[in-house]
Amino acid sequence: MQEGLLLIISGPSGVGKGTVCRHLMTIKEGLNLSVSTTTRLPRPEEVDGKEYFFTEPVHFKAMVDAGAFLEWAVVHGHYYGTSLDVVDEAISKGKTLILEIDVQGAAQVRQKAPESVSIFLAPPSMETLEDRIRGRGTETNEKIERRLMTARQEMNSYILYDYVVVNDKVEKAATKIGAIIDAEKCKVSRGAQPPGMGGEDG
Ligand code: 5GP
């Protein structure tokens, strides 16, 4: 059986990873979005086990010590991690699993799972990214400045990824990612085979 596809979608803070991933899920069948574990509080519309597994810092740290995460990072002051169980379960069943994670986490996954495919979602320009970060509204100037600085640093890591997709329009970016998934599934080096040769492509 063909192994599953582990797809990292990452990029700077504020680029719109979540929006693009949610749109991608609506236009392409057969994708699974990984549910991360986090210590941040749930937003009003969020449900435990759906958007995230919400947990206490002490429990998160115990999971880190037990080696339960493929990757984890501190993002905007909260812990976020991808549990190995979630990844193993999907990949062993031949599924396509999407990790929507920050650039620190992406670097860890690339190292620990070199067969993964990584996509850097980039803003159309630095000005757009800055507008988006400032536009979030509710935060203090100091926090916004810190986010801008982090985002500028995160932009430099694009060179380490397999693909770069510019998020000028959500629909266009999601369609391009869908095309990358199709191409990756056809790759001979990923184990795709013509009919009658024992392979099954889905
Ligand atoms: P939010 O709290 O707004 O849903 O996500 C904040 C940031 O955390 C986003 O950049 C998102 O990509 C990142 N993130 C979400 N889950 C994970 C994870 O499991 N690992 C890492 N490294 N980053 C994550």
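In what follows, residues are counted from 1 in the order of the sequence shown. Keep in mind that this is a model prediction, so the values were computed, not measured.
- R40 and E46 are joined by a salt bridge, as a carboxylate oxygen and a charged side-chain nitrogen come within less than 4.0 angstrom of each other.
- The two residues I133 and S13 make their nearest non-hydrogen contact at CD1-O, 3.5 Å.
- Note on I101: it does not cluster hydrophobically with V74, by side-chain heavy-atom contacts below 4.5 Å among ILVMFWY residues.
- Around CD of E45, the count of heavy atoms belonging to other residues, nucleotides or ligands within 6.0 Å exceeds 12.
- By the 6.0 Å and 45° rule, R110 stacks over the aromatic ring of Y161.
- Checked for salt-bridge contact, E145 and R134 meet the test: a charged N lies under 4.0 Å from a carboxylate O.
- Residues R132 and N167 meet the side-chain proximity criterion, which asks for heavy atoms closer than 4.5 Å.
- The shortest side-chain heavy-atom distance between V109 and L6 falls under the 4.5 Å cut-off.
- Ring orientation note: the planes of F60 and Y79 are tilted relative to one another, at an angle of 30° to 60°.
- The distance from atom CD1 of I159 to atom CZ of F120, rounded to the nearest 0.5 Å, is 10.5 Å.
- Counting only heavy atoms from C-beta outward, the side chains of Q108 and L70 never approach each other to under 4.5 Å.
- Residues V166 and V20 do not share a hydrophobic cluster, defined by chaining ILVMFWY side chains whose heavy atoms lie under 4.5 Å apart.
- Looking only at side-chain heavy atoms (C-beta outward), S157 and V103 come within less than 4.5 Å of each other.
- In this structure, the side chains of L99 and I9 stay at 4.5 Å or more apart for every pair of heavy atoms.
- Considering all non-hydrogen atoms of both residues, M155 and M126 come closest at CG-SD, 3.7 Å.
- V117 is listed as a side-chain neighbour of L5, based on a closest heavy-atom distance under 4.5 Å.
- Proximity of a side-chain donor or acceptor of T175 to a complementary backbone N or O of E171 within less than 3.5 Å is detected.
- No more than 12 heavy atoms of other residues, nucleotides or ligands sit less than 6.0 Å from atom CG of N141.
- Counting non-hydrogen atoms of neighbouring residues, nucleotides and ligands closer than 6.0 angstrom, the OH atom of Y52 exceeds 12 such neighbours.
- Note that the NZ atom of K95 and the CD atom of E89 stand 5.5 Å from one another [nearest 0.5 Å].
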ask   = What do the steps show when you test E56 against T39 for side chain to side chain contact (heavy atoms under 4.5 Å, CB included), and what is the final call?
value = CA-CA 5 Å; E56 299 291 322; T39 60; over 6 Å; no

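- Residue K112 qualifies as enclosed at atom NZ: its count of foreign heavy atoms under 6.0 Å is above 12.
- Salt bridge K172/D168: present, at least one basic N to carboxylate O contact under 4.0 Å.
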task = Could you check V165 against I180 for side chain to side chain contact (heavy atoms under 4.5 Å, CB included), going step by step and ending with a plain yes or no?
result = CA-CA 10 Å; V165 169; I180 291 169; 3.8 Å; yes

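- A single hydrophobic cluster is not seen to contain both M63 and V35; linkage of ILVMFWY side chains at heavy-atom distances under 4.5 Å, directly or through other members, places them apart.
- Of the inter-residue distances, the one linking Q153 atom CD with L148 atom CG reads 11.5 Å to the nearest 0.5 angstrom.
- In this structure a side-chain-to-backbone donor-acceptor pair under 3.5 Å is missing from S118 to I8.
- No side-chain heavy atom of T38 sits under 4.5 Å from any side-chain heavy atom of T55.
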key: Stepwise side chain to side chain contact (heavy atoms under 4.5 Å, CB included) check, V87 with T82   = CA-CA 8 Å; V87 175; T82 305; 3.6 Å; yes

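- The two residues A122 and V164 come nearest to each other via the heavy atoms CB-CG1, 4.1 Å.
- Pairing each heavy atom of A151 with each of P12, the nearest pair is O-CB, 3.8 Å.
- At a cut-off of 3.5 Å, with distance as the only test, no side-chain donor of Q104 or Y80 sits close to an acceptor on the other residue.
- A salt bridge links E130 to R152: at least one charged side-chain nitrogen sits closer than 4.0 Å to a carboxylate oxygen.
- Listed for the S10 side chain is a donor-acceptor partner under 3.5 Å among the backbone atoms of D102.
- T96 and K185 form a side-chain donor-acceptor contact under 3.5 Å, judged by distance and modelled atom types alone.
- Minimum heavy-atom separation, W72 to V64: NE1-CG1, 3.6 Å.
- F69 places a side-chain heavy atom less than 4.5 Å from the side chain of T37.
- Tracing side-chain contacts under 4.5 Å through hydrophobic residues (I, L, V, M, F, W, Y), one reaches V75 starting from F54; they form part of the same cluster.
- Interatomic distance, CD of E154 versus CE of M149, reported as 11.0 Å (0.5 Å rounding).
- Here OG of S34 is found 5.0 Å from CG of L97. Values are rounded to the nearest 0.5 Å.
- Residues E100 and C21 share a closest heavy-atom pair of CG-SG, 3.6 Å.
- The CD1 atom of I177 sits 12.5 Å away from atom CD of E184, with the distance rounded to the nearest 0.5 Å.
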